[in-house]
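Within every chain, numbering begins at 1; the chains are lettered A, B, ... in the order of the sequence lines, protein sequences first and strands thereafter.
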Amino acid sequence: MTVTDRITALPEALSEPLSGALHGPVIDWFDAHARDLPWRRPEAGAWGVMVSEFMLQQTPVSRVLPVYEQWLARWPRPADLAAEPPGEAVRAWGRLGYPRRALRLHAAATAITELHGGEVPSDHAKLLALPGVGEYTAAAVASFAYGQRHAVLDTNVRRVFARAVSGAQYPPNATTAAERKLARALLPESEPVAARWAAATMELGALVCTARTPDCGRCPIAGRCAWRAAGSPAHDGPPRRGQTYAGTDRQVRGKLLAVLREALEPVPQVALDAVWDEPVQRARALDGLVADGLVEPLADGTYRLPLG
DNA sequence: AAGACGTGGGG
DNA sequence: TCCCCAAGTCT
């Protein structure tokens, strides 16, 4: 029986006994051990939550912290960000990585300003329609900022469920329908409790049930963990998808954009040529940045971060 | 639906 | 050192 089959078979048999036994311990643990993160404070508001979610996509908390503080101080409301050129968002993004997220956050702020009266929407479908907001982020903002009842499935939660419920060391490479079904089946009925559960399971995955070396000794549900009960078997399925970087266009794009972020004036071609010696790849990377709207070519042959 | 998309820290 | 990994989204 594969992991997917096992998850698929669960929900009906699962219901109350298992889920009810998990909610209390996990939420109690969260009450005692949750980190005091700025976007979890009441004053963060929905905009603060949304900004944090964009920054946290594939980026560790420790690196997000300082940029988040600067960002919220400079642009306390969506309209403040929307009033500036997208290039300023890219510049302020600094070295967080995946700078297209900065562009999308700027575009989302613009949409919020023009379509939603400057208020981050609370409706899941409206959130999902915003640039850069996918299934996870829409659920996260609706749940964390507005206390709604949604299955919030990020990499942490998926790993916790894979282990505790499905008995696998790691979840599948891509989120499956079976995982969504399981997440919904485990969601507490009460709206506020469900929102708490979402944050708690995520935190458990981030602090205790980690990818490499889980600290089962500190896990509130270790006694009910299917993976532990099975003897903590090693991952068997297809290899987990790695990320290549060295020598790729991504690395070249990063170097090019770093130059433009630092520059206050448009940058001449020669300055960009200096970051990478292979001309074909260099040109392809620059073209890609322009196509993505991260870089603006000017008529005189210079380049800058986008003004419009 | 597999692959592109940045960056840096920890084991 | 090198490899793995980090609150995903989009095409």
Sorted by chain and number, sequence neighbours left out, side chain to side chain donor-acceptor pair (under 3.5 Å) with Ser190(A) holds for none
For His106(A), check side chain to side chain donor-acceptor pair (under 3.5 Å) against everything at least two apart and list the hits.
none
Check every strand shown and say whether [X] touches a base, only sugar-phosphate, or nothing at a heavy-atom separation below 4.0 Å.
{"X": "Trp39(A)", "value": "base"}
{"X": "Arg40(A)", "value": "base"}
{"X": "Leu256(A)", "value": "nothing"}

Report yes or no: do Thr210(A) and Arg159(A) form a side-chain donor-acceptor pair below 3.5 Å?
no
Other hydrophobic cluster members with [X], side-chain heavy atoms of Ile/Leu/Val/Met/Phe/Trp/Tyr under 4.5 Å, chained?
{"X": "Leu115(A)", "value": "none"}
{"X": "Leu298(A)", "value": "none"}
{"X": "Val270(A)", "value": "none"}
{"X": "Val259(A)", "value": "Val90(A), Leu103(A), Val252(A), Leu256(A), Leu257(A), Leu260(A), Val267(A), Leu272(A), Val275(A), Trp276(A), Leu286(A), Leu289(A), Val290(A), Leu294(A), Val295(A), Tyr303(A), Leu305(A)"}

Under 4.0 Å protein heavy-atom contacts per nucleotide of nucleotides 5-11 of chain B, with B for base, S for backbone only and - for none:
BBBS-BS
Going by the salt bridge (Lys or Arg N to Asp or Glu O under 4.0 Å) test, which pairs reach into residues 25-38 of chain A, not counting sequence neighbours?
Asp31(A)-Arg196(A), Arg35(A)-Glu203(A), Asp36(A)-Arg41(A)
Suppose the criterion is salt bridge (Lys or Arg N to Asp or Glu O under 4.0 Å): which pairs have a residue in residues 60-73 of chain A, not counting sequence neighbours?
none
Name the first nucleotide and the last nucleotide along DNA chain C (5' to 3') that come under 4.0 Å of a heavy atom in chain A.
dC4(C) to dC10(C)
Among Gln57(A), Arg104(A), Arg250(A), Gln58(A), side chain to side chain donor-acceptor pair (under 3.5 Å) partner for Tyr98(A)
Arg250(A)
Please give me every residue in residues 120-150 of chain A whose heavy atoms get under 4.0 Å of an atom in DNA chain B, ordered by residue number.
none
For Asp249(A), all residues meeting side-chain contact (heavy atoms from CB on, under 4.5 Å), sequence neighbours excluded
Gln281(A), Arg284(A)
Can you tell me, in whole Å, how much space there is between the C1' of dA7(C) and that of dA2(B)?
23 Å
Please state the P separation for the pair dG6(B) and dT11(C) - nearest whole angstrom.
14 Å
